[in-house]
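Just so it is clear, the structure is predicted and the values come from calculations on it, not from any experiment.
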Amino acid sequence: MIWAQQTPAEKKATAPSSKPVAQNPPAPEKKPDYLPLKWSGSVEGNFSNTIGQNNTLNTTLKSDVRGEDKIIKLYFGLLYLRGRSDGSVSTFQRRAEVKAGPKLTSRFYCYLQQVFEANQITKLDVGSRSSGGLGYHFVMTDTVKESIDIGASYNSEEYDTLEFRNRTYSYQCSNTFYWKVYSNMELRHRYEYLPNTSDLKKFRARSDGSVRVSFSKYLYGNFGIINEYDRAPASATTPKHKATILTTIGFKF
């Protein structure tokens, strides 16, 4: 039997190629559609002065925490004041606030809000306000943000004597404004207006404004004024007007 021998050209054609086969590049990793909540907040404290029924020198602790993503907005606030009034030291004001609501569109949102208060000077043992409604962002830029909330609330107050309780319903309109004046200076203001549903002439208003100057990435100084007005106080011991001046040093995160 005679075996056919391959010529050099045939051997070259049948030999396996040593050139690597080109591979497709890996597909880019797809980012998840849902991103976790982005948190920010601040804690501040120092001395302050309250002007109202009694002039009171006090120490202050104030905290604000915010969380936000594409679906929901969250806010937690705390105000604690302990001061000297009429020659005695007493805890005279505490306020806690929780606000949350889903985003309906890029600018519209709805909200639920709960506020708890106590004030030993005005003999307010427990005060609470439950609110809900709709909100809209008028301005949304890196330097200026402004929004307005419109809704209704249920207010409950109990005084230390336990002989007087007040229950009211009111409308609620609030405005929140933020302005980054300079790279190290911010202006914040929040205003709430709550007219009574049965008599619009009876209303409450609260204004909380502050100017914050940053000393470093985390440390800042703050000067603020909180103004509260009640045209028809439920108790004779409650002043119509009360203003708190805050001068604090804070830490932001």
Side-chain angles (χ1 to χ4, degrees), residues 28-44 61-80 94-118 126-157 167-180 186-197 200 203-210 212 218 220 222 224 226 228 250-253:
E29 184 179 353
K30 185 179 180 181
K31 294 182 179 180
D33 295 333
Y34 177 77
L35 297 177
L37 283 168
K38 183 179 180 182
W39 293 96
S40 63
S42 61
V43 178
E44 58 191 59
L61 174 64
K62 187 178 181 182
S63 176
D64 297 284
V65 179
R66 296 172 175 85
E68 183 175 357
D69 62 9
K70 293 182 178 180
I71 300 175
I72 195 171
K73 290 178 64 175
L74 301 173
Y75 171 77
F76 304 93
L78 175 68
L79 178 65
Y80 177 86
R94 290 167 290 181
R95 176 186 170 93
E97 178 182 350
V98 179
K99 187 177 181 181
K103 298 179 181 179
L104 304 178
T105 67
S106 60
R107 291 184 178 268
F108 279 101
Y109 60 91
C110 59
Y111 72 92
L112 292 174
Q113 181 185 23
Q114 182 66 51
V115 178
F116 294 99
E117 292 185 88
V126 177
S128 68
R129 185 174 86 233
S130 303
S131 309
L134 294 173
Y136 181 77
H137 291 287
F138 283 99
V139 184
M140 297 176 62
T141 67
D142 293 337
T143 56
V144 179
K145 294 179 175 64
E146 185 175 13
S147 61
I148 187 170
D149 299 343
I150 297 177
S153 65
Y154 169 72
N155 312 288
S156 172
E157 294 175 327
R167 305 286 188 272
T168 59
Y169 293 91
S170 63
Y171 302 110
Q172 178 175 348
C173 179
S174 60
N175 175 267
T176 304
F177 178 77
Y178 167 82
W179 179 24
K180 191 171 185 177
E186 301 173 352
L187 188 149
R188 301 170 184 265
H189 184 261
R190 183 178 176 187
Y191 179 77
E192 290 182 321
Y193 174 67
L194 297 98
N196 196 300
T197 55
L200 297 180
F203 66 89
R204 297 184 181 187
R206 187 176 190 270
S207 173
D208 185 349
S210 63
R212 178 182 296 184
Y218 300 106
Y220 67 90
N222 183 79
I226 300 175
E228 297 175 279
F251 177 84
K252 57 185 177 180
F253 53 89

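For the salt bridge (Lys or Arg N to Asp or Glu O under 4.0 Å) condition, the pairs that include at least one residue of residues 144-155, sequence neighbours left out, are K99-D149.
In terms of the side chain to side chain donor-acceptor pair (under 3.5 Å) criterion, residue partners of R204 (sequence neighbours excluded) are, by chain and number, E157, D230. Not counting sequence neighbours, the partners of V98 by the side-chain contact (heavy atoms from CB on, under 4.5 Å) test are F76. Residues forming a side-chain contact (heavy atoms from CB on, under 4.5 Å) with L112 (at least two apart in sequence, or on another chain): none. Residues passing the side-chain contact (heavy atoms from CB on, under 4.5 Å) test with S130, sequence neighbours excluded: Q114. Take E186 and apply the salt bridge (Lys or Arg N to Asp or Glu O under 4.0 Å) test, not counting sequence neighbours, and it matches R188.
Contact record, F253 with S42: CE2-N, 3.7 Å, taken as the closest heavy-atom pair. The two atoms that bring L194 and S170 nearest to each other are CD2-OG, 3.7 Å, heavy atoms only. Shown here for G77 and D64, the closest heavy-atom pair between the two residues is CA-OD1, 4.3 Å. Here the closest heavy-atom approach between residue F203 and residue P195 is recorded as CB-CA, 3.7 Å. Closest approach of K103 and D69 over heavy atoms only: NZ-O, 2.8 Å. Of all the heavy atoms in Y109 and I148, the pair that sits closest is OH-O, 3.8 Å.
The line from CG of N196 to OH of Y169 is 11.5 Å long, rounded to the nearest 0.5 Å. Interatomic distance, H189 NE2 to N175 CG, rounded to the nearest 0.5 Å: 8.0 Å. Of the inter-residue distances, the one linking Y111 atom OH with S147 atom OG reads 10.5 Å to the nearest 0.5 angstrom. Here CZ of R212 is found 6.5 Å from NZ of K252. Values are rounded to the nearest 0.5 Å. Of the inter-residue distances, the one linking S153 atom OG with Q172 atom CD reads 5.5 Å to the nearest 0.5 angstrom. Separation of atoms CG (D142) and OH (Y178) is listed at 9.0 Å; rounding is to 0.5 Å.
The shortest distance between side-chain heavy atoms of S106 and M140 does not fall below 4.5 Å. A heavy-atom distance below 4.5 Å is found between the side chains of F177 and V144. I226 has its side chain out of reach of R95: every pair of non-hydrogen atoms, C-beta onward, lies at least 4.5 Å apart. Residues L74 and W39 form a side-chain contact, since some pair of their non-hydrogen atoms from C-beta on lies under 4.5 Å apart. Looking at heavy atoms from C-beta onward, V65 lies out of side-chain contact with V43 at the 4.5 angstrom threshold.
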Side chain to side chain contact (heavy atoms under 4.5 Å, CB included) assessment of Y154 paired with R167:
CA-CA 8 Å; Y154 169 72; R167 305 286 188 272; 2.9 Å; yes
Go through the steps to decide whether E68 and K73 satisfy the test salt bridge (Lys or Arg N to Asp or Glu O under 4.0 Å), and finish with yes or no.
CA-CA 5 Å; E68 183 175 357; K73 290 178 64 175; 5.2 Å; no
For the pair Y136 and I150, evaluate side chain to side chain contact (heavy atoms under 4.5 Å, CB included) and give the outcome as yes or no after the intermediate values.
CA-CA 9 Å; Y136 181 77; I150 297 177; over 6 Å; no
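The aromatic rings of Y218 and F251 lie parallel to each other, with less than 30° between the two planes, well short of the 60° mark.
Side chain of R107 to backbone of H137: a donor-acceptor contact under 3.5 angstrom is found.
Counted by atom type alone, T176 and R190 present zero donor-acceptor pairs between their side chains at under 3.5 Å.
More than 12 heavy atoms of other residues, nucleotides or ligands sit less than 6.0 Å from atom OH of Y191.
Salt-bridge annotation for E192 and R129: present, with a side-chain N of the basic residue lying under 4.0 Å from a carboxylate O of the acidic one.
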